[in-house]
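Written below as structure tokens is the structure these notes are about.
Just the heavy atoms: all of them, side chains too, but no hydrogens, waters or symmetry mates, feed the values below. Chain naming here is simple, since letters A, B, ... match the order of the sequence lines and numbering starts at 1 in each.
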Amino acid sequence: MEFQILDVDYVMVNERPVLRIFGKDMEGKSVCGFYEGFLPYFYAASDDINESLEGLPSIHGVEKVKRTLPMGYQEPRDVWKITLKNPAKTVEVREALKKKGISTYEADILFKYRWMNDSDIGGMRWISTKESNGINTTSVSAQRLVQMKEFEIIDTEEDAPLRYLAFDIETVGKNEGSMPDSETDPVALISLVFSDDYRRTKSIILSTRPGDGIEALSSEKDMLIRFMEIINEYDADVLTGFNIVGYDLPYILKRMEKNNIRPVFGRCKTKSVRDDVFAGRHKITITGRIIADSFSMIKKGWNLKRYGLDFVSKALIGEEKKDVKKSEIGKFWRGSQEKYQILADYCLQDSILALKLLTKLDLMDKYIALSKISGSLLNDVLEGGESQRIENYYLKVFNKEGFIIPSKNNEQIAERTNGNGDDESKDLKGGFVIEPKKGLHSMVLVLDFKSMYPSLIRTYNICPTTLLIGNENVEHITTPNGSMFVKPGVRRGVIPSILENLMEERSKVKKMVRNADEKTRKMLDLKQFAIKTLANAFYGYFGYTRAKIYNVAIASSVTAFGRETIHSTVKAMEEDFGYEVVYGDTDSVMIKVPTESMEEAEKIGKDIGKKMTERLPGIMELEFEKLFKRFLPLTKKRYMGWSMFRDKTGEWKDDIVMKGIETVRRDWCELTGETMKEIIEIILKKNDTKAAVSYFKDVVKGLLDGDVDLEKLVITKTLTRRPEKYAGVQPHVEVVKKMEKRNDMDLPGVGDRIGYVIVKGMELLSKRAEDPNFVRENGLSIDSKYYIDNQLLPPLERIFTAIGISRDELLGAGKQMGLFEVISNSKNICAEPVTKGKLSDVNGFICMSCGMKTARPPLSGKCSCGGSLKFSTPEGPVSVAVS
DNA sequence: TATTCGCGGGG
DNA sequence: GTGTACGCGAATA
């Protein structure tokens, strides 16, 4: 039989560990495989061990073996391999040895991962094993049980069909206006939605209050028991919902505890579902099932203004959500039958939306691909934690090559994190950022280094196992920051060889993408993305303070080589190739090319990439990435560009690219983002400074005249506590206070989002916040000055400054000079007879070398790039004479 | 210019 | 479970 691995754990049977592999077969049946005979082990470095182990529990055997320690280039040495009977005793043995000053290795590898790594098994991979009869257990709920004596890994990219269950709860607080407390307030409603029909139904609503389409239970306790029963009977593979890890599951588990119910709804009938709270975060463990929270996946994958279910559904899958005000759930729960039905419907809707988000956006695919590539179980990949993924991955490779890795040292980590001791992490310098050349540039090529950091690691053989610690007399290279690594001839680093394999695998996959059908292409694309993600994470790992192998020498060697590489590239671009570098960051350079043709620019880009690559060391490769038809840097790390690139069919496509410039921020009103987007578009695509300024002025005029749609001026914030409980003065809180004083209908409560606008007046800003409805009904005027100064100007001034427009010009402060006056007032410039157009057609100045347009010429009479200026008219540039 | 504070999602 | 470890903008020193 064959099945795909969803989860792994172990149980002790007759004082011996039995591994349990939970999975699914191709027909969609749940499977549990049992594997016996594998024992936990770890290593210790010490002259003698037997004496130290005396009196310690669970020791099965001790063996002297040869292994290589990974920190610094060194020869294999004798270490003790200590095998235990019970994985759970490892901590006790490890700590006892540590107390005696004995270092341990790999004494913190989870038993399931120890087995998986030794057996070459990873999450979401397939296993093939012989069918077996007579499994003697009632402790596992799965459709097929199998005793795995021998097994093998099947190499396939296929996925078994998974069964999803989405759920959502409604809870009601005893005291109005505060969040329900799981200590005291019961669960009111639970909705469950199934991807596959469950007893010929798509969904179920549970409650203690009867209603249409509601399965009524006599108590909260019965309802919670029924909830478990449904999950177990339906046998869900994936549990989903919106913020279930942060809210619903912890709440349900607490209520089960209060009702004396053991929470057993995993695929193990004896292990309870656990909720461990760490650093204010919940970690839920449900044996054999996957927890996939739509909320956290969307938060990680999308940059949105807000992440509430209503907003997210609307933005990502176009589903409008009928909303019940959070603060009024109590009213609906206790209200008329009609009101109650609305609440039940609302509860159901939330489950439906959470499931739809998962399926319509294919949220699982990325994580499944990452699980397959990294070897970590799907649940662990979903939870995040890149370093865990990396450690798990390299452990396997290190072990195969005879290396063992140290156990995590919490004391050292604590020292690193709170910066005591010699905090080396401060010495870790990042990539080099080139000071951007001011102004709007045309025809800018972006060249970047293909996987720069992984390539540097490979090129210079950078690895903990090749780092020279003493002054050893072996062939080595010295990095720009003074570290030394042995040459590959002496020893090939493990990390470089891992990266070589990953990068080769990736280019193989990328080649396959080209002639694959739609479905395979999608899968392969996810695979190559997962490989890239994994490969790119290695560099950061060594500079991460909590890493088991934390080494600043390694991390800074990589960035030092990176800076050296970019420096030499810039120099080559300017001195040898003769192009102007306008910007660059870490692994990219942007250069200006003297052509208007995209084809020609592309040709130049590819050519430079090739020529530069030839003179770069090792496998370093500079490649043409894309063309910015227009490029406007604001500052380091902040720029925008109108990008041109070819799609898969070779057609030119365009796109506006923004780095470090936000148009969505939760404290900005809609008008801000909208105006920014429009102005950026005008500047980049039309290259028309005047039009951008006039667009801005129109928006300002609209504000002054009160012509802007009120909706676009609304700023929203959540009321997190009762208004009187706020210490400072905050606009949204002041609005609620006013509404309470006025006795408005639909008073907002704690947890509701408050939308407000700022109106004219003499008081403090926060006091001038008002409810938009009130503003509309009473014809109040909005404070246009506030919107101009606080909403529009801060982001837009930066953009206008970059194209040479000052704040005064934008706001039309003082007397606006006409172009004619500018010209006649300027000492350096006089106009030649205009032949092509009338002077009144002149709409600014244009630089003949960089193409930048300005409303007024700088006093020097030259563009900031040094190029000469001409009048810009609809007919084209007209000469300006400089006297 | 650096450091602490508060909040998001959920009812 | 042989564990784990938010992130960012605003307010404040």
Open item on the list: For a quick check of understanding: with a heavy-atom distance under 4.0 Å over all strands, which category does A:Phe242 fall into, base, sugar-phosphate or nothing?
Closed with: sugar-phosphate
- [ ] Check whether any side-chain N or O of A:Thr718 sits under 4.0 Å from OP1 or OP2 of B:dC7, and answer yes or no.
- [x] no
Open item on the list: For the residue pair A:Arg67 and A:Tyr43, would you count it as a cation-pi contact if the rule is NZ or CZ under 6.0 angstrom from the ring centre and within 45 degrees of the ring axis?
Closed with: no
Task: Candidate nucleotides C:dG3, C:dT4, B:dG6, ranked by approach to the side chain of A:Arg721 - the nearest - done: B:dG6
TODO: Looking at every strand, decide which applies to A:Tyr307 at a 4.0 Å heavy-atom threshold: base, sugar-phosphate, or nothing.
DONE: sugar-phosphate
Task: N/O (side chain, A:Lys299) to phosphate O (OP1/OP2, B:dG8) under 4.0 Å - done: no
Open item on the list: Heavy atoms only, 4.0 Å cut-off, all strands: where does A:Arg666 land among base, sugar-phosphate and nothing?
Closed with: sugar-phosphate
Task: 5'-most by nearest nucleotide on DNA chain C - A:Ala279 or A:Thr285 - done: A:Thr285
Task: Heavy atoms of other groups near A:Glu724 CD, more than 12 under 6.0 Å - done: yes
Open item on the list: Please classify the nucleic acid contact of A:Val91 as base, sugar-phosphate, or nothing, using heavy-atom distances under 4.0 Å.
Closed with: sugar-phosphate
- [ ] Looking at every strand, decide which applies to A:Asp185 at a 4.0 Å heavy-atom threshold: base, sugar-phosphate, or nothing.
- [x] nothing
Task: Spacing of A:Ile284 atom CD1 relative to C:dG1 atom P, expressed in whole Å - done: 13 Å
Task: Distance test, side-chain N/O of A:Tyr41 to OP1/OP2 of C:dT2, below 4.0 Å - done: no
Open item on the list: Taking only side-chain N and O atoms of A:Arg281, does any of them lie within less than 4.0 angstrom of OP1 or OP2 on C:dG7?
Closed with: no
Task: Euclidean distance, atom CG of residue A:Asn379 to atom C1' of C:dG3 [Å, nearest integer] - done: 14 Å
Open item on the list: Under 4.0 Å between a side-chain nitrogen and a carboxylate oxygen: does that hold for A:Arg114 and A:Asp118?
Closed with: yes
- [ ] Looking only at side-chain atoms of A:Asp276, point me to the closest of C:dA5, B:dG10, C:dG3.
- [x] C:dG3
Open item on the list: Heavy atoms only, 4.0 Å cut-off, all strands: where does A:Ile169 land among base, sugar-phosphate and nothing?
Closed with: sugar-phosphate
Open item on the list: Just the rounded figure in Å: distance from P of B:dG8 to CH2 of A:Trp302.
Closed with: 23 Å
- [ ] Scan A:Leu309 against the nucleic acid and name what it touches under 4.0 Å (heavy atoms): base, sugar-phosphate only, or nothing.
- [x] sugar-phosphate
Open item on the list: Measure CG/A:Leu719 against P/B:dG8 and give the value in whole Å, please.
Closed with: 10 Å
TODO: Would you indicate what A:Glu106 reaches in the nucleic acid, counting non-hydrogen atoms under 4.0 angstrom: base, sugar-phosphate, or nothing?
DONE: base
TODO: Could you check how far CD of A:Glu386 sits from C1' of C:dA5, rounded to whole Å?
DONE: 15 Å
- [ ] Can you tell me, in whole Å, how much space there is between the C1' of C:dA5 and that of C:dG1?
- [x] 16 Å
Open item on the list: Students often get this wrong, so: under 4.0 angstrom with heavy atoms, is A:Gly246 touching a base, only sugar-phosphate, or nothing?
Closed with: nothing
TODO: Measure from the side chain of A:Asn410, starting at C-beta and using heavy atoms only, and say which of C:dT2, B:dG9, C:dA5 lies closest.
DONE: C:dA5
Task: Residue A:Thr720, side-chain atoms from C-beta onward, closest of C:dG3, C:dA5, B:dC7 - done: B:dC7
Task: Audit row: A:Tyr340, A:Ser207, side chain to side chain contact (heavy atoms under 4.5 Å, CB included) steps and yes/no - done: CA-CA 11 Å; A:Tyr340 170 57; A:Ser207 177; 2.8 Å; yes
Open item on the list: Over all strands shown, is A:Asp350 touching base, sugar-phosphate only, or nothing at heavy-atom distances under 4.0 angstrom?
Closed with: sugar-phosphate
- [ ] Check whether any side-chain nitrogen or oxygen of A:Lys112 sits under 4.0 Å from OP1 or OP2 of C:dG3, and answer yes or no.
- [x] no
TODO: Send over the distance from A:Leu19 CG to C:dG1 P, rounded to a whole Å.
DONE: 13 Å
Open item on the list: I'd like to know if the side chain of A:Tyr787 reaches the main chain of A:Ile758, judged simply by a donor and an acceptor atom lying under 3.5 Å from each other, with no hydrogens or angles considered.
Closed with: yes
Task: Pair A:Lys322 + A:Asp345, salt bridge at N-O below 4.0 Å - done: yes
Open item on the list: Taking the basic N atoms (NZ, or NE/NH1/NH2) and the acidic carboxylate oxygens, is any pair closer than 4.0 Å for A:Asp276 and A:Lys283?
Closed with: no
Task: Salt bridge A:Glu36-A:Arg16, side-chain N to carboxylate O under 4.0 Å - done: no
Open item on the list: Between A:Tyr541 and A:Tyr394, is the ring centroid distance below 6.0 Å?
Closed with: yes
TODO: Figure out the CZ/P separation between A:Phe42 and C:dG1, and round it to whole Å.
DONE: 19 Å
Contacts under 3.5 Å, N or O only, protein and nucleotides 10-13 of chain C:
from	atom 1	to	atom 2	distance (Å)
C:dA10	OP1	A:Arg665	NH2	2.8
C:dA10	OP1	A:Asp667	OD2	2.4
C:dA10	OP2	A:Arg665	NH2	3.4

TODO: Name the nucleic acid region contacted by A:Ile329, choosing base, sugar-phosphate or nothing; use a 4.0 angstrom heavy-atom cut-off, strictly under.
DONE: sugar-phosphate
Task: A:Lys548 NZ - C:dT2 C1' separation (whole Å) - done: 9 Å
